[in-house]
Amino acid sequence: MAMEHAASRAAFDQARQYIPGGVNSPVRAFRAVGTDPVFIRKAQGTRLFDLDGNEYIDYICSWGPMILGHAHPALLEGAAEAMGRGLSFGLPTDLEVEMARRISTAYPAAQLVRMVNSGTEATMSAIRLARGFTGRDKIIKFEGCYHGHSDCLLVKAGSGALTCGVPTSPGVPADVVKHTVVCRYNDLESVKEAFAANPGQIAAVILEPVAANMGVIPGKPEFIAGLRQLCNETGTVLIFDEVITGFRLSYGGAAQVYGVQPDMVCFGKIIGGGMPVGAYGGRREIMECVAPTGPVYQAGTLSGNPLAMYIGLRQLDYLNTHPEVYAQLEQSGEKFAAGVRDLLQKHGLPYQLQQMGSLCTLFFADHPVESYEDAVSSDTEAFAVYFRTMLENGIMVAPSQFEAMFLSAAHTDADLEATFAAMDKAFAAVKAARG
Ligand SMILES: *Cc1c(COP(=O)(O)O)cnc(C)c1O
């Protein structure tokens, strides 16, 4: 029997009367997969429950924060008491100190840490600080890397911007992005050329060390190491955007996995445990250029919000005291990848399952995906058929070819088996649709 979606449909009709497109972030509208969004009532562990009472195994995990699964007791314990002490003071608390200490201990490059309210704010502020510190205007970013929606970074961005086909958004003045130099991901030569063309002018190189917003494309180790060296040679600030990878690929993020420390780092998602949180950090001499110690301005009414800090700290505490979580995520990732590859083979489909730890993307492409160009040549029509079949069979994957699938520590072997069963049907549907 087909799933009932009447309540979600009614909610979406209402939503479109009051919210642009009915959603507060574009990918949630499910446009890229040719269907209407489902509205979520609650979540527990690996399960999402929608307004119609349908249940889904969740691989969105709120786009990363829910690394322990939804409504994990370790995060909720004491949260009501924390709330009872007051929701926001606009004055310092010891929770902020503990959060900064926690991040700095996990991530050596983050000698000093400033809390903000989103990943977008973190990258935007890091760029400003890198420019202030170096006295240079230009920055290098990479095609398909997404760093939030601030003006100077919304050039050839990934994720929603990719799905909607607006890599560069109207409303962003050309004058603002003229300082943004775009290079090719995993292509060190393109970076060398950019440095040669802009001598002494590049303030920062920003990247996702594992790209996860054009689908998952791991940075090649020699690419990451090469960027470190180029930045050293040119006095350029190397910024790792670890908003997804931080505290996910390992407790020390991608920097630990690659053995390369950046000059600055941005966090979000996991460090808030589901609350709206971001952070940026870096070498002391850079971070001391921000107000009040330095002249670069950056502030936030709700930055370091006590409830957000409480819940985020609970999650980091849990991850720190349960290092087996990372081994488990690694295993789940490999098990998932192997299962998907078996099914692809069974159905004779040429697609690519790319995985690193608990991040994966099934690219509907018949070639390995190492760059933005590779990614955008995927068969998004086939992806849409796959997505809709998975949804109808109770599996929630990201509603776009250009997003990661997130595994959490809550995902069990039984969850994976149920997912493979749905995928078996989805691949059959894809084959039927392709004729
Ligand atoms: C999600 C994300 C951001 C933006 O974070 P928001 O909290 O959505 O503003 C920035 N960088 C990366 C790599 C992300 O995945």
Side-chain angles (χ1 to χ4, degrees), residues 23-28 59-67 107 114-128 130 139 141-164 167 169 180 185 204-219 224 238-249 253-255 257-258 262 264-281 298 300 302-305 308 311-312 315 356-361 372 375 398-400 402-406:
V23 292
N24 282 315
S25 197
V27 74
R28 294 180 202 167
Y59 291 97
I60 296 178
C61 294
S62 188
W63 307 100
M66 314 321 295
I67 191 168
Y107 205 99
R114 173 63 62 84
M115 300 307 300
V116 290
N117 303 290
S118 68
T120 296
E121 265 188 75
T123 57
M124 179 183 85
S125 309
I127 294 287
R128 181 182 302 151
I139 58 165
K141 83 171 283 289
F142 294 91
E143 270 184 333
C145 278
Y146 178 67
H147 305 294
H149 63 87
S150 71
D151 282 356
C152 76
L153 291 166
L154 209 55
V155 187
K156 298 219 170 172
S159 268
L162 250 183
T163 300
C164 298
S169 169
T180 305
Y185 196 71
V205 173
I206 185 168
L207 80 156
E208 300 176 70
V210 173
N213 284 288
M214 49 179 161
V216 173
I217 304 181
I224 306 288
L238 179 62
I239 306 174
F240 280 0
D241 180 349
E242 297 229 31
V243 171
I244 281 183
T245 50
F247 296 93
R248 174 171 290 277
L249 291 183
V257 172
Y258 284 90
M264 294 186 77
V265 57
C266 300
F267 294 105
K269 299 188 171 122
I270 286 179
I271 64 165
M275 302 297 284
V277 169
Y280 64 103
Q298 185 273 314
L302 296 175
S303 294
N305 172 269
I311 294 191
Q315 177 141 281
M356 186 151 176
S358 54
L359 295 170
C360 25
T361 295
Y372 170 85
S400 161
F402 307 112
E403 302 279 3
M405 286 182 73
F406 294 89

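As the structure lists them, so they are numbered: ligands from 1, and atoms in each ligand from 1. What you see is a predicted model, and the numbers here were worked out from it, not measured in a lab.
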**Message:** Do Phe267 and Phe247 make a side-chain contact, defined as non-hydrogen atoms from C-beta onward lying under 4.5 Å apart?
**Reply:**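 Phe267 reaches Phe247 side chain to side chain.
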**Asked** To the nearest 0.5 Å, how far apart are CD1 in Ile60 and CE in Met405?
**Response**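 One gets 9.5 Å once the value is rounded to the nearest 0.5 Å.
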**Message:** For the CE atom of Met124 and the NE2 atom of His149, what is their distance to the nearest 0.5 Å?
**Reply:**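 Here the rounded value is 9.0 Å.
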**Message:** Among Ile239, Ile206, Val243, which residue satisfies the side chain to side chain contact (heavy atoms under 4.5 Å, CB included) criterion with His147?
**Reply:**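 Testing each of Ile239, Ile206, Val243 against His147, the sole residue satisfying side chain to side chain contact (heavy atoms under 4.5 Å, CB included) is Ile206.
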**Message:** Using the rule given for side chain to side chain contact (heavy atoms under 4.5 Å, CB included), can you reason through Tyr107 versus Phe240, listing the C-alpha separation, both sets of side-chain angles and the distance that settles it, and then say yes or no?
**Reply:** CA-CA 12 Å; Tyr107 205 99; Phe240 280 0; 3.5 Å; yes
**Request:** Ignoring hydrogens and angles, state whether a donor on the side chain of Gln298 or Arg128 is under 3.5 Å from an acceptor on the partner side chain.
**Result:**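 No - no donor-acceptor pair under 3.5 Å links their side chains.
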**Message:** Strictly under 4.0 angstrom, heavy-atom based: which residues surround ligand 1?
**Reply:**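 Ligand 1 is contacted, at a heavy-atom distance under 4.0 Å, by Ser118, Gly119, Thr120, Tyr146, His147, Gly148, Glu208, Asn213, Asp241, Val243, Ile244, Lys269.
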